[in-house]
Amino acid sequence: MAIALVACSGGREKSTTRYQPPAIPEVKCSIDPRRLGEVEKIRDFGNGRGCGVRNAWRVYSLQGVKMSQPVVLNCAMVNAFATWIANTMQPAAEDRFGEAVTSLDVPSAYACRPRNNVRGAKLSEHGHGNAVDVSVFRLQSGRKVEVEQGWFGSRKERRFLASVREDACGLFKTVLGPGSDRYHKNHLHFDLQRHRNGGSYCR
Ligand SMILES: [Zn+2]
């Protein structure tokens, strides 16, 4: 019996071979996200085209810092994001501004899309809930630090953004932002992609 399947990208797979979507990676993590903030366990899911999340959580806030919208991340990303918020971001905010960050604009977490939204490109880590983007830091006083403007903004803002970005490297396996390429001028991208050499890719 021939099964006709329409490939989701490229349109090249028109042979009789069944399209095999990439496997959704297993996710292990050490800390139960319930200890890290307002989160909700959701059922693991996959869309049959390679996107989906294992050990999936919906995150409303982490370490007392509110997300601009509820985001879906895998458990390992929740752990890493919470660690970065508590150990890197808040100390940097106290250091530069003398106050804490109360909320983060997170334009993207789980999203089934190719890298950089470029058609035909490899599936983004966002497709596995293994990445998060941060575009704005909102502080207690109402001050906000936007990645796009702040990168070329006051000395304090520039230093703050540079340190939260640099110190994310290692904790996250990929860190991108303004200057990385034309796709990251207005946000910081953090993910836990496993790179071939086992190291981190930060630029
Ligand atoms: Zn991203």
Side-chain angles (χ1 to χ4, degrees), residues 8-9 21-22 24-25 27 29 33 37 39 42 45-47 49-62 65-85 88-89 92 101 103-138 144-151 160-196 199-203:
C8 65
S9 65
I24 300 166
V27 175
C29 72
V39 298
I42 59 171
F45 63 95
N47 71 353
R49 292 184 291 122
C51 289
V53 184
R54 290 194 180 187
N55 209 335
W57 295 77
R58 183 171 288 119
V59 177
Y60 300 91
S61 76
L62 284 177
V65 175
K66 202 172 171 294
M67 305 293 136
S68 57
Q69 56 172 341
V71 290
V72 172
L73 292 170
N74 70 42
C75 186
M77 265 306 290
V78 178
N79 273 213
F81 198 25
T83 301
W84 175 80
I85 286 171
T88 301
M89 183 197 79
V101 173
S103 79
L104 289 174
D105 288 20
V106 280
S108 182
Y110 169 74
C112 187
R113 58 176 172 79
R115 282 190 189 170
N116 303 321
N117 283 314
V118 175
R119 262 186 94 174
K122 220 181 138 190
L123 179 68
S124 164
E125 291 299 304
H126 286 283
H128 293 146
N130 206 29
V132 70
D133 295 340
V134 174
S135 59
V136 182
F137 299 80
R138 295 177 191 271
K144 63 174 184 174
V145 181
E146 294 171 62
V147 171
E148 187 167 16
Q149 285 80 8
W151 197 253
F160 169 75
L161 291 170
S163 69
V164 295
R165 178 177 178 176
E166 279 165 33
D167 296 344
C169 189
L171 170 62
F172 294 105
K173 296 305 176 193
T174 309
V175 177
L176 301 169
S180 299
D181 55 44
R182 65 198 170 99
Y183 304 106
H184 294 90
K185 64 182 168 83
N186 60 3
H187 66 274
L188 301 177
H189 166 100
F190 304 118
D191 75 47
L192 289 178
Q193 185 192 4
R194 271 182 228 131
H195 296 291
R196 222 171 293 165
S200 295
Y201 179 84
C202 309
R203 58 174 291 180

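Note that ligands are numbered from 1 as they come in the structure, with each ligand's atoms numbered from 1 the same way.
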With carbon and hydrogen excluded and only N/O/S kept, which atom of [X] is nearest the Zn ion (ligand 1)?
| X | result |
| --- | --- |
| H126 | NE2 |
| H189 | ND1 |
| D133 | OD1 |

Under 4.5 Å between any side-chain heavy atoms of L176 and R203, yes or no?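 Heavy-atom side-chain distance check passes, below 4.5 Å.
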Within the 4.5 Å heavy-atom criterion, are F81 and V134 side-chain neighbours or not?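 A side-chain contact exists here, since the closest heavy-atom pair is under 4.5 Å.
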When D105 is tested against each of K144, R138, K66 for salt bridge (Lys or Arg N to Asp or Glu O under 4.0 Å), which residue passes?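 Testing D105 for a salt bridge (Lys or Arg N to Asp or Glu O under 4.0 Å) against K144, R138, K66 leaves exactly one candidate, R138.
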Please name the pair of heavy atoms, one in Q193 and one in T174, separated by the smallest distance, quoted to 0.1 Å.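 Q193 and T174 have their closest heavy atoms at OE1-OG1, 3.9 Å.
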